[in-house]
Asks: 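This is the structure I want to talk about, given as structure tokens.
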Amino acid sequence: MNNSPYQVQLQEIRSHIRGLRGGVPLHRRESRRQYSFSAFPFTEQLAIWDELWRTESDFWLRLHAYFFLERHLKKEDELRGMWPVIVRWQEQVDDWGLCDALAKVYTKILMVLPNEVYAQLKEWNRDNNLWKRRQSVVSLLYYSRTKKQHLPFQQIEQLISPLLPDKEYYVQKGVGWSLRELHTVYPEETLPWLKAHIRQISAIAFTISIEKMDTATILSIKTLRKIK
């Protein structure tokens, strides 16, 4: 780390962030701070934040690296350029907050690099690391309203199904989240699928999956689930 070409910039970031006292709203506001390197080209700024993410374990420092990405989700060339770099960030994820923060970015890149990103999600889907498995489904849709296009129903379902029996709580939360959003995007395909797999869906995932359904649908599917 001492041989880093970005020691000055990294220290500038650390000094600022470690002096903050407050929660996420405060840190989000402070993330707009203009650093000495804020006018650098996007790729060089990304390299600085990449090194910070990979060498620091502090949640707040990594969160600011995410905030940097969040400000660059509208330009397709920047989304394409960040993927080879930030795909490695998942290796350091060890909590749901950072996992889901990256999901917001990964799902945007999925729109411009569908084959590449989907292949990575498919690989994570089979990984021993629970956060990679969670990421493999949460990134498929994230909050579906944030995107104008989505993968076909079949491709999404193919990554959800293998995780139905997963024993990890946070993976099941991710499964439920993805099923909820899948029903929002593909209601005609998702409802029959839910009914066909009603006994395989965990209580955790089931509760989340029906959150956005209308009252009549919720009642009917709950009734079906109770049938032995």
Asks: Of all residues at least two apart in sequence or in a different chain, which pass the side-chain contact (heavy atoms from CB on, under 4.5 Å) check with Phe59?
Replies: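 Phe59 satisfies side-chain contact (heavy atoms from CB on, under 4.5 Å) with Leu63, Asp95, Leu98 once adjacent residues are dropped.
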Asks: A side-chain contact here means heavy atoms from C-beta on lying under 4.5 Å apart; do Tyr6 and Trp49 qualify?
Replies: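 Side-chain contact under 4.5 Å: no.
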Asks: Please step through side chain to side chain contact (heavy atoms under 4.5 Å, CB included) for the pair Val105 and Trp89, ending with a clear verdict.
Replies: CA-CA 11 Å; Val105 182; Trp89 289 19; over 6 Å; no
Asks: Taking side-chain contact (heavy atoms from CB on, under 4.5 Å) as the test, write out the residues that go with Ile218, two or more places apart.
Replies: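 Once residues adjacent in sequence are excluded, the partners of Ile218 under the side-chain contact (heavy atoms from CB on, under 4.5 Å) criterion are Ile210, Met213, Lys222.
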Asks: Applying side-chain contact (heavy atoms from CB on, under 4.5 Å), can you list everything that pairs with Val8, at least two apart in sequence or on another chain?
Replies: none
Asks: Just wondering, do Leu159 and Leu140 contact through their side chains at under 4.5 Å, heavy atoms?
Replies: yes
Asks: State the CD1-OG1 distance between Ile156 and Thr190, to the nearest 0.5 angstrom.
Replies: 8.0 Å
Asks: Ignoring hydrogens, what is the shortest heavy-atom contact between Val117 and Tyr106? Give both atom names and the distance.
Replies: CG1-O, 4.1 Å
Asks: Can you see which heavy atom on Ser4 is nearest to which on Leu10, and at what distance?
Replies: OG-CD1, 4.0 Å
Asks: A side-chain contact here means heavy atoms from C-beta on lying under 4.5 Å apart; do Ile48 and Leu52 qualify?
Replies: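 Not in contact.
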Asks: Please enumerate all residues that pass side-chain contact (heavy atoms from CB on, under 4.5 Å) together with Gln11, with sequence neighbours excluded.
Replies: Arg14, Ser15
Asks: Determine which pairs satisfy side chain to side chain donor-acceptor pair (under 3.5 Å) with at least one residue from residues 114-124, sequence neighbours left out, and list them in order.
Replies: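 For residues 114-124: Trp83-Glu116.
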Asks: Please test Trp96 against Trp131 for side chain to side chain contact (heavy atoms under 4.5 Å, CB included), starting from the C-alpha separation and ending with a verdict.
Replies: CA-CA 7 Å; Trp96 67 267; Trp131 301 113; 3.7 Å; yes
Asks: How long is the span from the CG atom in Leu20 to the NE2 atom in His27, to the nearest 0.5 Å?
Replies: 5.0 Å
Asks: With side chains defined as the heavy atoms from C-beta onward, is the minimum distance between Glu30 and Phe67 less than 4.5 Å?
Replies: no
Asks: For the CZ atom on Phe40, are there more than 12 heavy atoms of other groups (residues, nucleotides or ligands in this structure) within a distance under 6.0 Å?
Replies: yes
Asks: Does Gln92 reach the main-chain N or O of Arg54 with its side chain, forming a donor-acceptor pair under 3.5 Å?
Replies: no
Asks: So do the side chains of Ile86 and Ile109 get within less than 4.5 Å of each other, counting heavy atoms only?
Replies: yes
Asks: A side-chain contact here means heavy atoms from C-beta on lying under 4.5 Å apart; do Trp60 and Val24 qualify?
Replies: yes
Asks: Could you tell me which non-hydrogen atom of Gly174 sits nearest to which non-hydrogen atom of Val138, and how far apart they are?
Replies: CA-CG2, 3.8 Å
Asks: List for me each residue that meets side-chain hydrogen bond (donor to acceptor under 3.5 Å, both in side chains) alongside Asp214, sequence neighbours excluded, and say none if there are none.
Replies: Thr217
Asks: Under the salt bridge (charged side-chain N to carboxylate O under 4.0 Å, His left out) definition, can you give me all pairs with a residue in residues 134-160, not counting sequence neighbours?
Replies: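 Found Asp100-Arg134.
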Asks: So, do Ile208 and Leu179 sit near enough that their side-chain heavy atoms are less than 4.5 Å apart?
Replies: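 Heavy-atom side-chain distance check fails, nothing below 4.5 Å.
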Asks: Quick check against the 3.5 Å criterion: does Gln45 have a side-chain atom that pairs as donor or acceptor with the backbone of Ala39?
Replies: no
Asks: Using the rule that Ile, Leu, Val, Met, Phe, Trp and Tyr join whenever any side-chain heavy atoms are under 4.5 Å apart, tell me whether Met111 and Val185 fall into a single cluster.
Replies: no
Asks: Can you label the angle between the Tyr143 ring and the Trp177 ring as parallel, tilted or perpendicular, going by 30° and 60°?
Replies: tilted
Asks: Between OG of Ser202 and NZ of Lys167, what distance do you get to the nearest 0.5 Å?
Replies: 9.5 Å
Asks: How many angstroms lie between atom OG of Ser209 and atom CD1 of Ile160, to the nearest 0.5 angstrom?
Replies: 10.0 Å
Asks: Which heavy atom of Pro84 sits nearest to which heavy atom of Gly81, and what is that distance?
Replies: CD-O, 3.4 Å
Asks: Any donor-acceptor pair under 3.5 Å linking the side chain of Arg21 with the backbone of Arg18?
Replies: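 Between the backbone of Arg18 and the side chain of Arg21 there is a qualifying donor-acceptor contact (under 3.5 Å).
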Asks: Take Phe68 and Leu46 through the side chain to side chain contact (heavy atoms under 4.5 Å, CB included) test and state the conclusion after the steps.
Replies: CA-CA 8 Å; Phe68 167 75; Leu46 178 60; 4.1 Å; yes
Asks: Work out which heavy atom in Gln90 is nearest to a heavy atom in Cys99; give both atom names and the distance.
Replies: NE2-SG, 4.3 Å
Asks: So which pairs with a foot in residues 172-184 pass salt bridge (charged side-chain N to carboxylate O under 4.0 Å, His left out), sequence neighbours left out?
Replies: Arg180-Glu211, Glu181-Lys212
Asks: Residues in side-chain hydrogen bond (donor to acceptor under 3.5 Å, both in side chains) with Glu44, at least two apart?
Replies: none
Asks: Please confirm whether the backbone N or O of Ala103 pairs with a side-chain atom of Thr107, one donor and one acceptor, at under 3.5 Å?
Replies: no
Asks: Any idea which heavy atoms bring Lys108 and Leu73 closest together, and the distance?
Replies: CG-CD1, 4.3 Å
Asks: So do Ile221 and Leu191 actually touch side chain to side chain, heavy atoms under 4.5 Å?
Replies: yes
Asks: Look at the rings of Trp193 and His197 and say which category their plane angle falls in: under 30° parallel, 30 to 60° tilted, over 60° perpendicular.
Replies: parallel
Asks: Sequence neighbours excluded, which residues qualify as side-chain hydrogen bond (donor to acceptor under 3.5 Å, both in side chains) partners of Thr215?
Replies: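 Here no residue qualifies.
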Asks: Under the side-chain hydrogen bond (donor to acceptor under 3.5 Å, both in side chains) test, which residues partner Ser139, sequence neighbours left out?
Replies: Gln135
Asks: Using modelled atom types and a 3.5 Å cut-off, is there a donor and acceptor pairing between side-chain atoms of Glu12 and backbone atoms of Ser36?
Replies: yes
Asks: Side chain of Trp53, backbone of Ala65: donor and acceptor closer than 3.5 Å?
Replies: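 The answer is no, because no donor-acceptor pair under 3.5 Å joins these two groups.
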Asks: Quick one: salt bridge (charged side-chain N to carboxylate O under 4.0 Å, His left out) pairs with a partner in residues 60-78, sequence neighbours left out?
Replies: Arg28-Glu70, Glu70-Lys104, Glu76-Arg80
